[in-house]
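Data block below; observations after.
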There are 2 protein chains.
Amino acid sequence: MLIATLKELFAEHGLKFTNQRYLVYRTMAAARDHPSAETVWRRVRGEAPAISLDTVYRTLAAFETRGLVARVPGGGDEGRFDGDATPHHHLVCLSCGAIEDFSMPGAGLADLPPEVSAWGRVRDAQVLVRGVCRRCLCQVENQQPDANQRSECR
Amino acid sequence: MLIATLKELFAEHGLKFTNQRYLVYRTMAAARDHPSAETVWRRVRGEAPAISLDTVYRTLAAFETRGLVARVPGGGDEGRFDGDATPHHHLVCLSCGAIEDFSMPGAGLADLPPEVSAWGRVRDAQVLVRGVCRRCLCQVENQQPDANQRSECR
DNA sequence: TTCGATGCAAATACTTTGCACGATA
DNA sequence: TATCGTGCAAAGTATTTGCATCGAA
């Protein structure tokens, strides 16, 4: 995205354009791994060594409020953020914390039952799947040489 | 549930039967509001004033591991627990933190796309709806007497 | 020039852990 | 009686906040 365009986007949301916000935005747009605030911080520090962690927190909070990033639920103690704020679903590994996207027709906002609109105003709806990713399953399996059961690995 | 039955249930899961665990279990089974650990603690203290908060944390963790309670995702900073560990979906109010259940056929474990089973082993799947509940919407509306827009209240 | 944004440090909130004692099986 | 569970206090982790300074508009 062009810097000029991004400047406009920020202005539309009442946000001043700063180098820190630019870098956080760019990092989030490029990230596919739903990073935590601290992870974003580490990445951004490569280009702006002086940026502080609380600025990253504040920036992500400002972006989240305005729908520029989304907070991914179910990711354990630490908040995880998604640069893709369009509707989609998530797979969360309870073992390593990895988060992946997946798509599932028929489980979007339009498919919610009527009782939901009676409940209040919906901001977002997503399917959240929690489990253990294949990589973690295989690590455990490899530690037990007597694994003569069905393998979910490879 | 009979105490003898509960004793058995605990034994099946390798848990000793203690008064604290009994009370936490009973509280969770009766709760409909997906309480936090601290909320459970306050309730249990009515009957066991000496129970400590960390025992509640440990007990809920032990129950969660064994599938006796579930942790509800998306509930903000503090962990929220569900005495009903059977599959169902959740509505989370971002304003007051209230959590409600809802049901939605076609969005269960059996309806997940095949790519999910390739990802790893699924523990649970649920639809998570985040928004603002009607009660909170109406509070805001009542604070603005000039609310001549469509009302989601009443 | 003004007001929002940032960095620093301290504070807060929630949860976990070490340890000695107590209670269950 | 051996082991697990509990209470207490302290520690740990993630996040937020006060304040003075800085910088975008």
Side-chain angles (χ1 to χ4, degrees), chain A residues 3-4 6-25 27 34-42 44-45 47-66 68-69 71-81 94 97 99, chain B residues 3-4 6-25 27 34-42 44-45 47-66 68-69 71-81 94 97 99:
Chain A
I3 291 197
L6 191 54
K7 219 162 178 172
E8 241 176 78
L9 179 66
F10 282 8
E12 282 169 21
H13 288 288
L15 295 172
K16 287 184 181 174
F17 184 89
T18 66
N19 192 44
Q20 290 90 330
R21 283 180 178 161
Y22 166 64
L23 291 172
V24 169
Y25 187 91
T27 300
H34 312 83
S36 67
E38 190 163 344
T39 301
V40 172
W41 182 51
R42 278 197 296 268
V44 167
R45 276 206 296 180
E47 301 185 63
I51 192 173
S52 69
L53 177 56
D54 49 279
T55 293
V56 174
Y57 273 109
R58 279 189 270 225
T59 303
L60 289 171
F63 286 175
E64 189 200 357
T65 300
R66 292 159 177 84
L68 301 176
V69 305
R71 191 179 290 261
V72 185
D77 332 317
E78 55 177 9
R80 300 283 291 265
F81 296 87
L94 299 167
I99 300 177
Chain B
I3 291 198
L6 191 53
K7 218 161 178 171
E8 240 175 79
L9 180 65
F10 282 7
E12 283 169 20
H13 288 288
L15 295 172
K16 288 184 179 174
F17 185 88
T18 67
N19 193 44
Q20 291 90 329
R21 282 179 178 164
Y22 165 63
L23 292 172
V24 169
Y25 187 91
T27 301
H34 313 83
S36 66
E38 190 163 344
T39 300
V40 173
W41 183 50
R42 278 197 297 268
V44 167
R45 276 206 296 180
E47 301 185 64
I51 192 173
S52 69
L53 177 57
D54 49 279
T55 293
V56 175
Y57 272 110
R58 278 188 273 226
T59 303
L60 288 170
F63 287 175
E64 189 201 358
T65 302
R66 292 158 177 87
L68 302 176
V69 305
R71 191 179 289 261
V72 185
D77 333 316
E78 53 178 9
R80 301 283 291 264
F81 296 88
L94 299 168
I99 300 177

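Note that this is a predicted model, so its numbers are computed, not measured. Residue numbers start from 1 in every chain, and the chains themselves are labelled A, B, ... in the order their sequence lines are given, proteins ahead of strands.
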From A/T27, A/V44, A/L6, residue fulfilling side-chain contact (heavy atoms from CB on, under 4.5 Å) relative to A/Y22: A/L6
Any [X] side-chain heavy atom under 4.5 Å of [Y] side chain:
| X | Y | answer |
| --- | --- | --- |
| A/Y25 | A/L9 | yes |
| A/F81 | A/R71 | yes |
| A/L23 | A/I51 | no |
| B/F17 | B/I3 | yes |

A/E64 side, atom CD; A/T59 side, atom OG1 - distance, nearest 0.5 Å: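 It comes to 12.5 Å.
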Taking [atom1] from [X] and [atom2] from [N], how many angstroms apart are they, rounded to a whole number?
| X | N | atom1 | atom2 | result |
| --- | --- | --- | --- | --- |
| A/L60 | C/dA5 | CG | C1' | 15 Å |
| B/Y22 | D/dT6 | OH | P | 15 Å |
| B/E78 | D/dT13 | CD | C1' | 16 Å |
| B/I51 | C/dG22 | CD1 | P | 18 Å |
| B/E64 | C/dT15 | CD | P | 12 Å |
| B/R80 | C/dT15 | CZ | C1' | 16 Å |
| B/F10 | D/dG5 | CZ | P | 11 Å |
| A/R66 | C/dA5 | CZ | C1' | 12 Å |

A/S52 side chain near C/dC8 phosphate (N/O to OP1/OP2, under 4.0 Å): no
Short side-chain N/O contact to D/dT16 OP1/OP2 from A/Y57, under 4.0 Å: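 Indeed not, no polar side-chain atom of A/Y57 lies that close.
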Those residues that, when tested against B/E78, pass side-chain hydrogen bond (donor to acceptor under 3.5 Å, both in side chains) (two or more places apart): none
Touch class at under 4.0 angstrom, heavy-atom based, for B/A50 against every strand present: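 It contacts sugar-phosphate atoms only.
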Toward the 5' end of DNA chain D, by each residue's nearest nucleotide, A/D54 or A/E38: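 By nearest-heavy-atom nucleotide position, the 5'-most residue is A/E38.
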Checking contacts here: which listed nucleotide ([options]) is nearest the side-chain heavy atoms of [X]?
| X | options | result |
| --- | --- | --- |
| B/Q20 | D/dT16, C/dT15, D/dT6 | D/dT6 |
| A/R21 | C/dG7, C/dT15, C/dA5 | C/dA5 |
| A/L53 | C/dT17, C/dC14, D/dT15 | D/dT15 |

Base C/dC14 paired with A/D77 side chain (donor-acceptor, <3.5 Å):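 Result: no qualifying N/O pair found.
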Nucleotide-resolved protein contact map, nucleotides 19-25 of chain D, B/S/- at heavy-atom distance under 4.0 Å: ----BBS
